[in-house]
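No experiment lies behind these values; they were computed from the predicted model shown.
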Amino acid sequence: VTLSASVLTAATLKGGAGGDTINFSGVGAIDNVMLGDGSDVVTYRGATDLLGGSVAAGAGADLLSGNAAISASGASLLMGAGKDTVTLTASTFGSAVAKGGGNDDKITLNIAAGTDWTIDGGAGNDSVFITAAAGTFDSADVLLGVGNDSLSVNGDISVTGLIDAGVGDDSLSFNTG
């Protein structure tokens, strides 16, 4: 499914069982994307506002990516069981949640603005990479969960929130330069 130049307020786009591919190109806004089990791919290109809604993936190796200015304030990115990958460049990520499911997940976020967000790797050997603009890591929570996880943060890392590495042999890296 490919959607271009649309605004889908108060709308839910549902995928079924099996691998779904959904491309958003220049979609101004979308509330909810619900995917069934299977290896799903969701790609955002162009400025998109998630309207505080959610992207929920079922079991399977899912890929969620966005290479443009995405406003994810108040949004929930919920990846199900499976080796999931989330790669987003978010213009705004305030009060948002990105959550990996069970298994080995990779979450990469480039956050330009927003505070009070949460990243939860879930169970498994997860890799979390965050590039944060000035002030965006304030009041953020990063929960790595059970497993041998890695967290790498680049940018402003003044933290008043929580970093919980969980149980496992974890690696933490912070680069302020």
Side-chain angles (χ1 to χ4, degrees), residues 1-124 126-130 132 136 139-145 161-162:
V1 174
T2 298
L3 298 174
S4 297
S6 302
V7 175
L8 303 170
T9 57
T12 298
L13 181 61
K14 291 184 180 183
D20 300 311
T21 299
I22 302 173
N23 296 303
F24 297 97
S25 179
V27 174
I30 179 121
D31 278 331
N32 297 295
V33 177
M34 299 176 69
L35 304 168
D37 292 345
S39 296
D40 303 310
V41 176
V42 178
T43 304
Y44 293 95
R45 290 186 177 87
T48 302
D49 188 343
L50 298 180
L51 299 173
S54 66
V55 176
D62 303 309
L63 171 64
L64 171 64
S65 67
N67 62 354
I70 294 175
S71 176
S73 287
S76 297
L77 310 175
L78 309 171
M79 308 310 286
K83 290 185 176 187
D84 303 316
T85 301
V86 176
T87 304
L88 286 181
T89 296
S91 60
T92 308
F93 201 69
S95 301
V97 174
K99 184 173 184 175
N103 225 321
D104 304 343
D105 302 313
K106 180 178 180 183
I107 300 173
T108 304
L109 297 176
N110 185 346
I111 303 170
T115 59
D116 299 318
W117 44 265
T118 300
I119 296 174
D120 183 349
D126 303 314
S127 299
V128 178
F129 304 91
I130 302 168
T136 59
S139 302
D141 292 335
V142 178
L143 313 171
L144 296 177
L162 169 72

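Taking CD1 of I107 as the reference point, atom CD1 of I130 lies at 8.5 Å (rounded to 0.5 Å). In this structure, OG1 in T21 is found 9.5 Å from CG in L35, a value given to the nearest 0.5 Å. In this structure, CD1 in I119 is found 9.5 Å from CG in L143, a value given to the nearest 0.5 Å. The distance from atom CG of D126 to atom NZ of K106, rounded to the nearest 0.5 Å, is 12.5 Å. Atom CH2 of W117 and atom CD1 of I111 lie 4.0 Å apart (nearest 0.5 Å).
Evaluation of the side-chain contact (heavy atoms from CB on, under 4.5 Å) rule for A81 yields A59 as partners, not counting sequence neighbours. For L63, the side-chain contact (heavy atoms from CB on, under 4.5 Å) criterion is met by V41, T85, not counting sequence neighbours.
When all heavy atoms are compared, the tightest approach of L162 to D141 is N-OD1, 2.9 Å. Nearest heavy atoms, L77 versus L88: CD1-CD1, 3.3 Å. Minimum heavy-atom separation, M34 to T12: SD-CG2, 3.7 Å.
For the side-chain hydrogen bond (donor to acceptor under 3.5 Å, both in side chains) condition, the pairs that include at least one residue of residues 50-62, sequence neighbours left out, are N32-S54.
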Could you go through L144 and V128, starting from their C-alpha distance and side-chain angles, then the distance that decides it, and tell me whether this counts as side chain to side chain contact (heavy atoms under 4.5 Å, CB included)? CA-CA 8 Å; L144 296 177; V128 178; 3.9 Å; yes
Side-chain donor-acceptor pairs under 3.5 Å in residues 92-104, sequence neighbours left out?
residue : atom : partner : partner atom : Å
D104    : OD1  : N125    : N            : 2.8

Side chains of residues 23-30: which donor-acceptor pairs under 3.5 Å do they make with residues two or more places apart or in other chains?
none

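In this structure, D20 and V1 have side chains that are not in contact, with every pair of non-hydrogen atoms separated by 4.5 Å or more.
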